[in-house]
Amino acid sequence: MASLDIQARSATTTPSPGVRDYPDVAKLIDISKCIGCKACQVACMEWNDLRDVVGENTGSYQNPPDLDAKSWTLMRFYEVEPEPNRLEWLIRKDGCMHCADPGCLAACPSPGAIVKYSNGIVDFNQEHCIGCGYCITGCPFDIPRISQTDHKAYKCSLCSDRVAVGLEPACVKTCPTGAITFGSKPDMIDYAVDRVRDLQGRGFKNAALYDPPGVGGTHVMYVLQHADRPELYGLPQDPTISPLVELWKGVAKPVAIGVMAAVGLTALFHYITRGPNAVSKEIEEDEERKAKEEQQV
Amino acid sequence: MKRDPRDLVRYTAGERINHWIVGISFILLGVSGLALFHPAFFPFTMLFGGPTWTRILHPFLGVLMAVFFVFMFFRFLKNNLMRRIDWQWIGRIGEMVDGSDETMPAQGKYNGGQKLLFWLLALCMLLLIPSGILLWQVYFDFSVEARRWAAVIHSAAAVVMICLIFVHVYAAIWVKGTIRSMWYGTVTRAWARQHHRNWYEEVTKS
Ligand code: HEM
Ligand code: SF4
């Protein structure tokens with residue numbers, strides 16, 4: 001079934017089918033309300049029909065230890081002391097942020113393997129994925145994972161299939177505390193403002209919304225108690241697409257084509273204007289004379 | 001094959017085979033690499049059995065080329081050491097470009113331009129091999145930051161090398177009587193005397 005609401009498509013330089021336009025959606029994850037029950041992790045497995053290997057307990061509730069081609073979301077557990085002698089157990093639901101300016105899509109060399117829909121969801125089309133791993137180098141959040149069995153990249157789809165038919169993502173549906181909410185992006189920002197005000201009233205002076213502008217904002221946002229220090233939650237302070245990736249996928253491409261074309265055309269025009277560099281008649285005749293002399297001897 | 005018993009041997013069969021393996025693998029690498037570099041070249045993936053095959057094959061071709069490039073490097077190294085005369089020749093390269101090299105400083109087996117090309121190609125390979133390995137994420141697991149650097153270095157070095165090879169191939173086409181040295185290994189005496197006078201004198205002395 002064709003999608004007619006595509007805003008951006010990897011490795012594609014002409015406009016994508018985009019006659020349909022939908023408002024931006026967003027998922028808001030309120031870390032202050034999360035109890036780390038992992039119901040969302042289970043719902044994600046269930047809806048997407050994925051079964052990662054059963055891991056080992058390594059002294060943390062965090063299991064599996066990392067995101068994987070089969071674990072698109074993961075509760076990360078952090079024991080931190082934001083102030084001396086004040087232990088906090090911070091639990092963050094990790095997964096794709098659905099960046100407005102997605103580095104994965106910018107880096108992908110395969111046309112249409114990564115698309116961004118008009119509602120903001122960034123989706124991988126595994127049937128077009130070639131397994132190069134460039135999306136991983138593009139992502140500022142270290143999200144995509146290549147499967148060891150089929151060598152395709154996988155990540156959270158924000159349940160694009162559910163959202164397309166008017167349902168909320170599976171993780172949102174299942175969250176028992178209401179820590180995960182889903183709706184239009186402006187609504188989620190309004191709701192987050194209320195939550196931030198509430199947290200500030202309870203002594204979390206630095207509570208704020210995490211919607212990093214460096215990647216154009218994201219369609220998965222967090223309410224953080226300590227938004228001045230996102231690194232406490234394993235989040236980058238000011239994520240952007242790496243300048244190296246911008247260079248490689250930006251100016252390098254037209255410059256490279258221009259330089260190669262210029263060298264090729266210069267050679268052609270040199271040939272046409274100067275003519276071939278042939279051995280001079282004089283030397284040739286002299287060598288022929290020498291050959292004759294040698295024969296006579 | 002000698003068309004004429006007086007022809008001079010420039011390359012042995014072993015050298016020619018080595019060069020052709022490097023040349024063919026270079027073309028396949030360039031085409032498959034460009035396919036992943038810019039969407040305009042993506043259709044080249046069809047020459048390799050599709051995009052996934054292109055991604056799989058490119059690094060193996062890289063290993064093939066790297067091995068034979070190293071052989072070729074050591075085979076040709078002695079004749080490519082830069083001397084003062086070579087820098088003088090390069091300083092007057094404009095005359096060569098104009099097509100009048102007979103008035104330029106006499107050259108040995110290789111002229112200053114060819115030697116410079118040799119070293120620039122070696123430098124490109126020195127950048128391409130490690131950066132290619134960093135990008136080869138099916139078998140290697142390097143940090144994301146290292147792979148970002150590798151992608152920039154690999155694609156930049158590849159484009160420079162492709163341009164250098166354009167110059168190399170063009171020079172062979174432009175200077176008549178050159179390409180046969182890579183087909184059957186010999187050149188005429190007149191060719192040698194015009195373009196590589198010192199080499200000519202050295203090999204015709206005996
Ligand atoms: C010397 C050994 C080499 C190795 C091990 C190697 C390996 C790689 C790898 C792993 C990639 C990423 C795509 C993939 O997984 O297939 C790549 C991309 C590429 N390679 Fe190589 N390669 C080598 C030599 C070369 C050479 C000689 C050229 C020049 C003609 C070249 C041109 C490219 C280009 C243009 C890209 C695409 C970069 C991009 O996507 O921006 N490679 N190479
Ligand atoms: S978080 Fe990473 S994988 Fe998700 S949209 Fe942003 S760049 Fe792409």
Side-chain angles (χ1 to χ4, degrees), chain A residues 10-14 107-111 113 128-134 136-140 142 146 148 151-152 242-245 247-249 252-257 259-260 262-264 266-268 270-271 274-288 290-291 294-295, chain B residues 4-6 34-42 45 50-56 58 96-102 135-138 144-145 147-156 158-160 162-164 166-167 169-171 173-178 188-195 204:
Chain A
S10 56
T12 304
T13 42
T14 51
C108 176
S110 183
H128 294 304
C129 174
I130 65 171
C132 64
Y134 288 0
I136 300 169
T137 65
C139 177
D142 187 24
I146 302 256
Q148 287 310 305
H151 297 289
K152 305 291 176 202
S242 158
L244 293 167
V245 175
L247 172 66
W248 167 42
K249 291 292 164 175
K253 293 203 286 188
V255 167
I257 289 193
V259 169
M260 289 188 295
V263 172
T266 305
L268 175 68
H270 178 262
Y271 200 78
R274 288 291 188 286
N277 182 347
V279 177
S280 83
K281 266 261 142 27
E282 198 183 323
I283 297 180
E284 222 158 47
E285 278 160 13
D286 192 45
E287 284 297 329
E288 270 161 30
K290 277 199 209 161
E294 243 171 63
Q295 266 176 354
Chain B
D4 175 338
R6 286 171 56 82
L34 285 176
L36 302 181
F37 172 70
H38 195 294
F41 300 123
F42 194 76
T45 56
T52 304
W53 270 113
T54 305
R55 183 271 296 167
I56 294 170
H58 176 95
M96 177 79 205
V97 173
D98 266 345
S100 48
D101 52 337
E102 59 278 2
L135 285 174
W136 203 355
Q137 56 81 39
V138 184
V144 170
E145 191 60 12
R147 276 147 67 192
R148 288 175 182 153
W149 278 103
V152 173
I153 292 169
H154 198 77
S155 35
V159 168
V160 170
I162 290 168
C163 290
L164 292 172
F166 277 177
V167 173
V169 171
Y170 175 65
I173 296 173
W174 180 53
V175 180
K176 296 298 159 194
T178 306
T188 64
R189 287 183 180 229
W191 181 95
R193 200 168 129 192
Q194 171 149 338
H195 303 297
T204 52

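So you know, we letter chains A, B, ... as the sequences are listed, proteins then strands, and number each from 1.
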Novice: Can you tell me which portion of A:Lys281 sits under 4.5 Å from chain B's heavy atoms? Options are side chain, backbone, both or neither.
Specialist: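 Neither part.
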Novice: Checking heavy atoms, do the side chain of B:Trp149, its backbone, both or neither come under 4.5 Å from chain A?
Specialist: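 Looking at B:Trp149, backbone and side chain both touch chain A.
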Novice: Could you tell me which portion of A:Cys108 (side chain, backbone, both or neither) has an atom closer than 4.5 angstrom to a non-hydrogen atom of chain B?
Specialist: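 Contact with chain B involves no heavy atom of A:Cys108 at all.
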Novice: Looking at NE2 of B:His58 and CG of B:Leu34, how far apart are the two atoms once the value is rounded to the nearest 0.5 Å?
Specialist: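 The NE2 atom of B:His58 sits 9.5 Å away from the CG atom of B:Leu34.
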Novice: I'd like to know if the side chain of A:Tyr134 reaches the main chain of A:Ser110, judged simply by a donor and an acceptor atom lying under 3.5 Å from each other, with no hydrogens or angles considered.
Specialist: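 Such a contact is absent between A:Tyr134 side chain and A:Ser110 backbone.
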Novice: With rounding to the nearest 0.5 angstrom, report the CE to NE2 distance, A:Met260 to B:His38.
Specialist: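 Those atoms lie 9.0 Å apart.
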Novice: Relative to chain A, which segment of B:Val97 carries a heavy atom at a distance below 4.5 Å: side chain, backbone, both, or neither?
Specialist: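 It is both, since atoms from each part get that close.
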Novice: Which distance, rounded to the nearest 0.5 Å, do you find between the CZ of B:Arg193 and the CG of A:Asp286?
Specialist: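 One gets 4.0 Å once the value is rounded to the nearest 0.5 Å.
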Novice: Side chain from CB out, backbone as N, CA, C, O: work out which of these in A:Ile283 comes under 4.5 Å of a heavy atom of chain B, or both, or neither.
Specialist: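 Both parts, heavy atoms under 4.5 Å.
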Novice: Most heavy-atom pairs under 4.5 angstrom with chain A, which of B:Arg147, B:Arg189, B:Arg148?
Specialist: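 The option with the most such pairs is B:Arg148.
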Novice: Rounded to the nearest 0.5 Å, what's the gap from OG1 on B:Thr188 to CD on B:Gln194? Could you check?
Specialist: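 Rounded to the nearest 0.5 Å, the OG1-CD separation comes to 9.5 Å.
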Novice: Heavy atoms only: give me the nearest B:Arg55-B:Val138 pair and the separation to one decimal.
Specialist: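 B:Arg55 and B:Val138 have their closest heavy atoms at NH1-CG2, 3.3 Å.
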Novice: Looking only at atom types and distance, does a side-chain atom of B:Asp98 sit under 3.5 Å from a main-chain N or O of B:Ser100, one as donor and one as acceptor?
Specialist: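 No; judged by distance alone, with no hydrogens or angles, the pair does not exist.
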Novice: Output the option from A:Cys129, A:Ala278, A:Ala267, A:Ser10 having the highest count of non-hydrogen pairs under 4.5 Å with chain B.
Specialist: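 So the answer, after comparing A:Cys129, A:Ala278, A:Ala267, A:Ser10, is A:Ala267.
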Novice: Which one wins on heavy-atom pair count under 4.5 Å against chain B: A:Val255, A:Ile257, A:Thr13?
Specialist: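 Ranked by heavy-atom pairs under 4.5 Å with chain B, first place is A:Ile257.
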Novice: Considering only heavy atoms, which portion of A:Glu294 lies under 4.5 Å from any heavy atom of chain B: side chain, backbone, both, or neither?
Specialist: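 When you check distances to chain B, only side chain atoms of A:Glu294 fall under 4.5 Å.
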Novice: Heavy-atom pairs under 4.5 Å with chain B - which of A:Asp142, A:Ile146, A:Thr12 has more of them than the others?
Specialist: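 Sorted descending by pairs with chain B, the first entry is A:Ile146.
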Novice: Flag the one option from B:Phe42, B:Trp53, B:Trp191, B:Phe166 with the top tally of heavy-atom pairs under 4.5 Å to chain A.
Specialist: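 Counting heavy-atom pairs under 4.5 Å, the top option is B:Phe42.
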Novice: Using side-chain heavy atoms (C-beta onward) and a distance below 4.5 Å, is B:Leu36 in contact with A:Ile130?
Specialist: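 Yes, at least one pair of side-chain atoms sits under 4.5 Å.
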Novice: Is A:Leu247 in contact with chain B via its backbone, its side chain, both, or neither, using a 4.5 Å heavy-atom distance?
Specialist: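 The side chain, not the backbone.
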Novice: Among B:Met96, B:His195, B:Lys176, which has the most heavy-atom pairs under 4.5 Å with chain A?
Specialist: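 Going by pairs under 4.5 Å, I would pick B:Lys176.
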Novice: Who wins among B:Val167, B:Thr45, B:Val160, B:Val144 for the most heavy-atom pairs under 4.5 Å with chain A?
Specialist: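 Answer, by heavy-atom pair count under 4.5 Å with chain A: B:Val144.
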Novice: Tell me, yes or no, whether the heavy-atom count around B:Glu145 atom CD, taken from other residues, nucleotides or ligands under 6.0 Å, exceeds 12.
Specialist: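 Counting neighbours around CD of B:Glu145, more than 12 heavy atoms of other residues, nucleotides or ligands fall under 6.0 Å, so yes.
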